[in-house]
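Order of appearance sets the numbers: ligands from 1, and atoms from 1 within every ligand.
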Amino acid sequence: MKNDQSIEDYLEAIHILAVDGSDVHRAEVARRLGVSQPAVTKAVKRMCELGYVRVEGMHICLTESGAERAAGVYEKHRDIREFLLRLGVSASVAETDACRIEHVVCEETYDAIKKFIGK
Ligand SMILES: [Zn+2]
């Protein structure tokens, strides 16, 4: 767990996996992010300390503040992906790049992107 970027990746993954309101299994998170289960365990410990998740057995659930942060990251992700698609970037690259840009984009740039896509 080096930085906040990975925390946001984890929160986003849990948010996406829990979209039907179900609890998320550690193994699903590991698969989605392409990381090892020990890496997930470490990240979950950190997210618990930050108050973003609760752990019930092998399942992870977002707390209210975790859900809020995750939804924010994911909204940014979708807006940036939409922006890249409109530029003519291919769907798979837009998806991958959106997931990187979402963590580092400045508020000013993000506002301009939202304006560009008509939000
Ligand atoms: Zn993303």
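- For the salt bridge (charged side-chain N to carboxylate O under 4.0 Å, His left out) test, no residue two or more places apart in sequence or in another chain qualifies with R26.
- If you take NE2 on H103 and CD on E8, they are separated by 5.5 Å, rounding to the nearest 0.5 Å.
- In this view, R31 satisfies the salt bridge (charged side-chain N to carboxylate O under 4.0 Å, His left out) rule with no residue, not counting sequence neighbours.
- Of all protein N/O/S atoms, those under 2.8 Å from the Zn ion (ligand 1) are E12 OE1, E12 OE2, H77 ND1, C99 SG, E102 OE1, E102 OE2, and waters are not counted.
- The nearest pair of heavy atoms linking A94 to L85 is CB-CD2, 3.9 Å.
- Taking a 6.0 Å sphere around NZ of K45, one finds it holds 12 or fewer heavy atoms contributed by other residues, nucleotides or ligands.
- Residues satisfying the salt bridge (charged side-chain N to carboxylate O under 4.0 Å, His left out) test with E82, not counting sequence neighbours, are R86.
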